[in-house]
There are 2 protein chains.
Amino acid sequence: MSLRYALLGLISKKPQTGYELYQTFQQQIIYFWNSTHSQIYTELRKMEQDEVISSELIYQEGSPNKKKYTITKEGEKDLIHWILEQKIKPAKIKDEFLIRASAFHLLSIDEILGLLDTIIEREQQILEGTLLWQSQHIEQEQPKFEQIGEYITSEYGIMYAKMYIDWCLKVKDILSKMDLEN
Amino acid sequence: MSLRYALLGLISKKPQTGYELYQTFQQQIIYFWNSTHSQIYTELRKMEQDEVISSELIYQEGSPNKKKYTITKEGEKDLIHWILEQKIKPAKIKDEFLIRASAFHLLSIDEILGLLDTIIEREQQILEGTLLWQSQHIEQEQPKFEQIGEYITSEYGIMYAKMYIDWCLKVKDILSKMDLEN
DNA sequence: GTGACATATGTCATTTTTGACATATAGAGC
DNA sequence: GCTCTATATGTCAAAAATGACATATGTCAC
């Protein structure tokens with residue numbers, strides 16, 4: 001059910017198409033939720049049936065037609081109720097790299113260092129992308145309350161990526177100390 | 001398939017029962033993977049069929065019987081191959097609270113502060129639990145290579161919880177500045 | 001002119017995950 | 001005596017998610 005509320009939250013900011021929502025998931029929401037386009041389109045149709053959103057068909061010549069979704073009064077009521085009254089479930093994380101990390105005792109130091117460097121690079125690129133997005137979309141000097149969601153979640157993305165890099169560096173440090181002692 | 005390798009990594013450290021594995025997921029692995037007991041028991045049976053683990057039945061009087069699983073040569077080969085050769089998929093996170101955070105524009109300042117305090121408390125309790133676990137299980141002065149997995153993943157848990165708390169405090173700070181300006 | 005990529009939405013079989021139900025014993029608290 | 005919790009494992013229907021396939025057009029590079 002949470003995907004529904006993630007979509008509802010985005011649509012509550014401004015009417016949007018499924019494709020636009022999908023892109024937002026790929027670019028920003030990726031830090032705390034993930035979905036494929038097939039799941040998003042399917043959920044949007046269910047949401048329209050349940051009348052939490054309404055759609056408007058936009059015909060485009062030479063381009064595929066779009067469906068723009070708008071939140072309904074009922075939808076906004078539902079969303080606020082979910083945010084404030086429903087029990088907050090703890091985050092569910094599936095991080096393959098940490099699975100690997102938990103089995104590092106099976107590898108050599110060099111193999112571990114190789115994996116860590118790959119991840120540091122990956123996270124640095126993600127971090128740069130998020131910093132760029134934030135500088136282009138958020139006025140940090142004078143943030144507006146309407147933008148609070150984008151601002152704080154992009155901030156979260158930045159802090160998460162930095163933490164991940166710091167953790168990788170700490171692991172390298174721990175390893176270097178072990179290496180010297182043996 | 002990743003659940004399989006998460007289980008395999010744990011069993012590679014020492015032979016274990018499904019129940020023990022489940023408890024480890026609840027206590028430590030929770031930071032980077034989640035699974036229910038039904039899924040773990042089902043996967044263990046499949047893994048035995050595929051001969052990556054073998055089981056030994058332990059009869060207990062007055063207590064339910066156990067099945068202790070041990071990794072096979074084939075299993076260890078499989079695991080190492082997965083760790084080093086398979087493409088590392090990015091983490092998938094489903095964090096309901098951040099879904100809520102992305103819709104904070106629909107709430108009042110007081111409602112937001114209330115939610116943030118709930119989460120700060122939750123994360124502080126998790127942090128304390130992890131710090132306690134680490135102090136009891138890891139020798140930080142002289143960490144042993146066999147323990148590298150537990151050490152660095154518990155370290156990850158600590159850094160993650162701290163980052164989450166810091167982020168909550170930062171959001172409060174951002175809000176306090178906005179409040180003054182309006 | 002052709003292959004790749006971006007826009008835009010959809011279906012669908014398979015896999016994964018959830019959460020409730022089920023069973024059995026022991027111990028602690030009320 | 002009763003309920004709750006912990007140990008220990010299991011089934012199973014339903015829900016959620018994945019990933020491949022499908023369709024249609026415009027643009028851009030080679």
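Residue numbering restarts at 1 for every chain, and letters A, B, ... go by the order of the sequence lines.
- Atoms NZ (A/K87) and C1' (C/dG19) sit 14 Å apart, rounded to a whole Å.
- Atom pair A/Q16:CD and C/dT9:P shows a separation of 11 Å (rounding to whole Å applied).
- Proximity of B/Q23 to the phosphate of D/dT7: a side-chain N or O atom is located under 4.0 Å from OP1 or OP2.
- Here A/L131 is tied into one hydrophobic group with A/I120, A/L127, A/I158, A/I165, A/L169, each link being a pair of ILVMFWY side chains closer than 4.5 Å.
- A/Y22 and A/Y19 have tilted rings, their planes meeting at an angle from 30° to 60° on a 0 to 90° scale.
- At least one side-chain heavy atom of A/I152 sits less than 4.5 Å from a side-chain heavy atom of B/W167.
- Regarding A/I40, its CD1 atom lies at a distance of 15 Å from the P atom of C/dT11, rounded to whole Å.
- Remark on DNA chain D: of its neighbouring residues B/K89 and B/Y22, the 5'-side contact belongs to B/Y22, judged by nearest-heavy-atom nucleotide.
- The CG atom of A/L44 sits 9 Å away from the P atom of C/dG10 (whole-angstrom rounding).
- One atom, CG of A/L21, and another, P of C/dG10, lie 12 Å apart when rounded to the nearest Å.
- Within the 4.0 Å cut-off from OP1 or OP2 of C/dT16, not a single side-chain nitrogen or oxygen of B/R4 is found.
- Under the side chain to side chain contact (heavy atoms under 4.5 Å, CB included) criterion, B/E121 pairs with B/Q125, not counting sequence neighbours.
- The phosphate of D/dT7 (OP1 or OP2) has a side-chain N or O of B/Y19 nearer than 4.0 angstrom.
- For A/T17, the side-chain atoms get nearest to C/dT9 when compared with the rest of C/dT9, C/dG19, C/dT11.
- Residue B/Q26 contributes atom CD, which lies 12 Å from atom P of C/dG19 at whole-angstrom precision.
- Put simply, A/Y41 has no side-chain N or O that comes within less than 4.0 Å of OP1 or OP2 on C/dG10.
- When ring centroids are compared, A/F32 and B/F97 stay outside the 6.0 Å threshold.
- What separates CZ of B/R45 from P of C/dT16 is a distance of 16 Å, to the nearest Å.
- Nucleotide D/dT11 holds its C1' atom 10 Å from the NE2 atom of B/H37, rounded to whole Å.
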What N/O pairs connect the protein and nucleotides 15-18 of chain D at under 3.5 Å? Give each pair on its own line.
residue : atom : partner : partner atom : Å
D/dA16  : OP1  : A/M1    : N            : 3.4
D/dA17  : OP1  : B/K94   : NZ           : 2.7
D/dA17  : OP2  : A/Q39   : NE2          : 2.4
D/dA17  : O5'  : A/Q39   : NE2          : 3.0
D/dT18  : OP1  : A/N34   : OD1          : 3.2
D/dT18  : OP1  : B/K92   : NZ           : 3.4

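- The side chain of A/K66 sits closest to C/dT9 out of D/dG19, C/dT9, D/dG10.
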